[in-house]
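Contents: one structure, followed by commentary.
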Amino acid sequence: MSTALLQKNTVRLSLVLLVIVGAVAVFAPWLGLPDPEEVNLAEKLAPSGPGHLLGTDHLGRDVLARLVFGARTSIGSVFAILLLIALFSTLAGSVAGFVGGAVDSVIMRICDIFLTFPTLILAMFFVGILGTGLTNVILAIFLTHWAWYARIVRGIALSLKSREYILAAKVAGTRGFSLVARHILPAMAPQVLVLATLDIGHMMLHVAGLSFLGLGVQPPMPEWGVMIGDARQFIWTEPQLMLYPGLAIFIVVMAFNLLGDGLRDALDRSGMLEERVR
Amino acid sequence: MTALLSAVDVQRFYRRGGIFRRGERLHVLKGATLEIGRGKAVGLVGRSGCGKSTLGRILLGLERPDWGSVFFKGKDISAKDGGEFAKFRKSVQVVFQNVQGSVNPRMTAGEIIGEPLRNFFGISKREAVERSRPLLEQVGLKGSDADKFPPHFSGGELQRVCIARALAPEPEVIVFDEAVSSLDMVVQARVLELVQKIRDERGLAFLFISHDLRVVAGLCDEVALMDGGVIAARERSVATLAKTGGATIARMLESLPPAGPGERAFR
Ligand SMILES: Nc1ncnc2c1ncn2[C@@H]1O[C@H](COP(=O)(O)OP(=O)(O)OP(=O)(O)O)[C@@H](O)[C@H]1O
Ligand SMILES: [Mg+2]
């Protein structure tokens, strides 16, 4: 599986990129960068130079430092959302699929309600109720996306339920937790993983989008969407302020999408994806 | 003497939809009664979609009947407590038709055969894999095949793995649900030979579900015909069934693929 995955150049390139971005994000505090939140009006809108590799913004904050720490916020929040979704949607979807009947109908109708609204509008609605801030953005995006995953997991559960090897395992005396751990989760995990990877980019855009609109991460905390929002007023005079975070989002989102595609193809070819996803 | 395993007046409905949608009800089994005696090979034939597999799953305890009961050694399996049910579970095993689908593609043959060993004999995974090797040899494969994954076996070989898994817990009955139907004629004949050999050696009881009358004719002591959701006829051989079974069996005989071994015997 892993060798098949690495055969594609795009996948290799995106993996390298993501490893670099991830490492930079994780080790940001130890890279000797200036404080990303430190305001220094004397040096505002400074061009690139030895002190500030990518220059400074309208409050004199180091752009490179803000980009690097912004990566922490963006990637960290997306993983938090995915973790919430992976746990909650897998649970809800499996219960719906395996228990069936009325339980299934109730869970699915709740999903339908959540799926009726466009995600961005619904997320804005939740932020409106919960208030702005990173935690609430994470919650809002989780609330607007869990139903979609729960549906897919339910589909997988339904197809697994009558799968002969699950029946055979029951006849072989495997029950309860062992059945889930040995047969059900290993069959679900690759498919959920692929979906999640394909969705990371989309969720990063959501976080950035809400922050850009002033609903998400609040200044002075560094975040790519906030940086673009701040740079709006200088789009004609200092276009690079918008370019850097825009490029960062573009590259990372693309890398995740390429990785997701590669992952899907590799798992598909190795027969680990029992259903073809998307 | 009570039968080893029996279904008595079993009914089964399938319904679609849930609390918000009223789905149509499908009445698949309408009071089916079938007994499998100790050491007996019983064939179950009938048209496609008539509910043979459903009855098989109910006899295996994988589905509950909506009406009627399944008895194992004279006792209703739904009334059995944990320990008794575990005994039933161990004693009634299965081999399915869809060979590739009945094994977890992420497990080696040794782990697949080792699964019932771990569960029923409480041994470690490692020990279970070691104990799968002689079982693999019994079904005509190599002990070293225990380390191979399902995609590396042919259909016939994989069906042997499934047979080994069914044999592992030393059962008293094995349900073969169209167990050879997906294999080509030559492989089918070899697997059937193996099944016959196992029978001679171990005196196991079989329920052999098939729509191929020839397979059943060669292997079974008794043949039951399912039609209209019930067991419509039960005879000592396919030949007698052909005389008494009426229109359904006549249609089945007609729709058989061209001449094969044993066909003349009951026509
Ligand atoms: N889980 C289920 N939910 C709904 N309907 C089902 C389910 N299982 C079986 N059925 C229906 O019950 C009927 C009997 O199915 P079953 O698989 O028992 O037939 P069969 O005699 O084994 O057929 P075949 O010879 O094709 O294997 C079919 O019409 C099938 O569509
Ligand atoms: Mg069937």
Side-chain angles (χ1 to χ4, degrees), chain A residues 1-2 4 95-113 151 154 156-191 193 267-275, chain B residues 15-21 23 53 56-57 59-63 82 85-107 111-122 125 128 149-151 161-162 165-166 168-169 171 173-175 177-179:
Chain A
M1 195 274 283
S2 49
V95 168
F98 281 108
V99 177
V103 176
D104 180 27
S105 299
V106 170
I107 296 178
M108 280 307 105
R109 289 307 82 74
I110 297 174
C111 283
D112 285 344
I113 296 169
R151 273 215 135 183
R154 171 184 176 264
I156 301 172
L158 278 182
S159 77
L160 281 178
K161 188 157 79 168
S162 52
R163 210 27 79 82
E164 273 130 341
Y165 75 78
I166 303 281
L167 296 180
K170 286 186 185 166
V171 173
T174 308
R175 293 178 290 142
F177 178 76
S178 308
L179 190 68
V180 174
R182 264 187 231 160
H183 298 285
I184 293 172
L185 279 184
M188 277 183 178
Q191 317 190 43
L193 182 73
L267 290 174
D268 209 14
R269 249 178 286 129
S270 71
M272 289 190 47
L273 283 191
E274 293 172 26
E275 257 74 10
Chain B
R15 38 182 93 71
R16 311 198 147 269
I19 55 170
F20 296 105
R21 267 176 295 158
S53 300
R57 287 194 298 274
L59 280 167
L60 284 159
L62 288 170
E63 274 177 36
F85 190 81
K87 263 229 180 81
F88 159 76
R89 189 63 299 153
K90 176 176 171 302
S91 306
V92 185
Q93 291 293 311
V94 68
V95 179
F96 287 113
Q97 167 177 25
N98 178 354
V99 185
Q100 311 291 342
S102 39
V103 291
N104 186 333
R106 288 163 286 269
M107 287 164 78
E111 287 165 357
I112 291 164
I113 300 167
E115 191 166 12
L117 294 171
R118 285 166 76 187
N119 291 328
F120 296 123
F121 303 116
K125 180 166 163 181
F149 283 93
V161 172
C162 293
R165 169 174 61 187
V173 193
I174 301 181
V175 175
D177 189 351
E178 308 270 9

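Since we're looking at a predicted model, the values are computed, not measured.
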| field | Glu115(B) and His183(A), any side-chain heavy atoms less than 4.5 Å apart | value | yes
| note | When rounded to the nearest 0.5 Å, the distance separating CG of Asn119(B) from NZ of Lys170(A) is 13.5 Å
| What option among Gly61(B), Cys162(B), Gly101(B) has the most heavy-atom pairs under 4.5 Å with chain A? | Gly101(B)
| task | May I ask you to name which of Asn98(B), Leu60(B), Leu117(B) has the most heavy-atom pairs under 4.5 Å with chain A? | result | Asn98(B)
| request: Determine the minimum heavy-atom distance between Ser102(B) and Ala168(A), stating which atoms define it. | output: O-CB, 3.9 Å
| said: If you count heavy-atom pairs within less than 4.5 Å of chain B, which of Glu164(A), Arg175(A), Met108(A) leads? | reply: Glu164(A)
| Going by heavy atoms in the side chains, are Arg118(B) and Arg182(A) under 4.5 Å from each other? | yes
| message | Using heavy-atom distances under 4.5 Å, tell me whether Val92(B) contacts chain A through its side chain, its backbone, both, or neither. | response | backbone
| said: Using heavy-atom distances under 4.5 Å, tell me whether Val94(B) contacts chain A through its side chain, its backbone, both, or neither. | reply: both
| task | Return yes when atom NZ of Lys161(A) has more than 12 non-hydrogen atoms of other residues, nucleotides or ligands closer than 6.0 Å, and no otherwise. | result | yes
| Euclidean distance, Arg106(B) CZ relative to Tyr165(A) OH, rounded to 0.5 Å | 4.5 Å
